Amino acid sequence: MDLGISGRVAVITGGDSGMGYASAEYLLREGVKVVLSDLKEKELGEAAARLAALGPVKFCQADLSSDAGARKLRDFAEQAFGETPTILVNAAGVTGATGDFLEIDDEGWMSTIQADLMAAVRMARAFIPGMRTQKWGRIVFFTSEDAVQPYVEELPYCAAKAGLMNLTKGLSKAYGPDGVLVNSVAPAFVASPMTDAMMEKRAGELGVSFDEAIESFLEEKRPGIVVKRRGRVEEVASAVAFLCSEQASFITGENLRVDGGAVLTMAS
């Protein structure tokens, strides 16, 4: 299937590993020029070097905890290929503060919201004006099953992702008339550095192997995942590439679950 986006410029946050990296792979194969961003320059450079065989790729270290970081990334992306970026994939995020609600302080809440919601706000604010000028844009945010199915030990993350899902819908209404389509993908328990760390911690706490930790987590914590395994990054990346494409030109404001059935209700 020709996705109709060859030659466009995409910016991918959280692009040095996991689902962001896989999204870069898929877009590069479609002829898209890619700018990767994350916090660690060394890892970014290594990721870009691995991807270079697939197509044009640049990288820019950026801290998205401020407007200045988002503007820095926008300016770099515009200069990197001499074109306005019209695809934004916001894959960066953290699990953030976890534990008993009564024991998570304001700092834990705010640091999680800064990383999982406000960074996306800043990126949209930086990149939407250029997309409006081009009268074409695609934004894909990463939400989570947690946005609609909260887990009590991860409430800051859940609340931030719910806010991001609402932001997706709001931006789709505001800028759809300008040709800017805004959607989100909602992965659940995908094999990535984030869930690897979770399972390594669980294995240590339970005194079991890594694979046994995954198996017990699925049974006890994620019974809705009917396929009984972790997702693969490429399964998420293919959904991202589709939402960035001309094939998805009548889809906006949607939250596409890539979750193996994790969410137990009909709510989006």
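Bear in mind the structure is a predicted one, so any value in this text is a computation, not a measurement. Here, residue 1 is the first one in the sequence, and each next residue gets the next number.
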Roughly how far, to the nearest 0.5 Å, is the [atom2] atom of [Y] from the [atom1] atom of [X]?
X: Leu181; Y: Ile87; atom1: CG; atom2: CD1; answer: 11.0 Å
X: Leu39; Y: Gln61; atom1: CG; atom2: CD; answer: 6.0 Å
X: Ile12; Y: Cys244; atom1: CD1; atom2: SG; answer: 7.5 Å

So, [X] and [Y]: side-chain donor and acceptor under 3.5 Å apart, yes or no?
X: Gln149; Y: Arg222; answer: no
X: Ser209; Y: Asp211; answer: no
X: Glu246; Y: Trp136; answer: yes
X: Ser216; Y: Arg202; answer: yes
X: Thr86; Y: Arg138; answer: no

Answer yes when [X] and [Y] have at least one side-chain N-carboxylate O distance shorter than 4.0 Å, and no when they do not.
X: Glu83; Y: Lys33; value: yes
X: Arg232; Y: Glu235; value: yes
X: Lys135; Y: Asp178; value: no
X: Asp196; Y: Arg230; value: yes

Query raised in the report: For the rings on Tyr157 and Tyr151, is their centre-to-centre separation under 6.0 Å?
Result: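 Tyr157 vs Tyr151: aromatic centres not under 6.0 Å.
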
**Report entry** Leu256 to Ala239 - nearest heavy-atom pair and separation
**Finding:**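 Taking Leu256 first and Ala239 second, the nearest heavy atoms are CD2-CB, 3.8 Å.
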
Requested in this report: Quick one: do Arg122 and Gln114 satisfy side chain to side chain donor-acceptor pair (under 3.5 Å)? Show the steps, please.
Outcome: CA-CA 10 Å; Arg122 295 181 185 107; Gln114 282 288 343; 2.8 Å; yes

Query raised in the report: Tell me, do Phe242 and Ser245 make a side-chain contact under 4.5 Å, heavy atoms counted?
Result: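 Side-chain contact under 4.5 Å: yes.
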
Query - Residue pair Lys40, Asp16: steps toward the salt bridge (charged side-chain N to carboxylate O under 4.0 Å, His left out) verdict - result: CA-CA 8 Å; Lys40 297 179 181 178; Asp16 68 354; over 6 Å; no

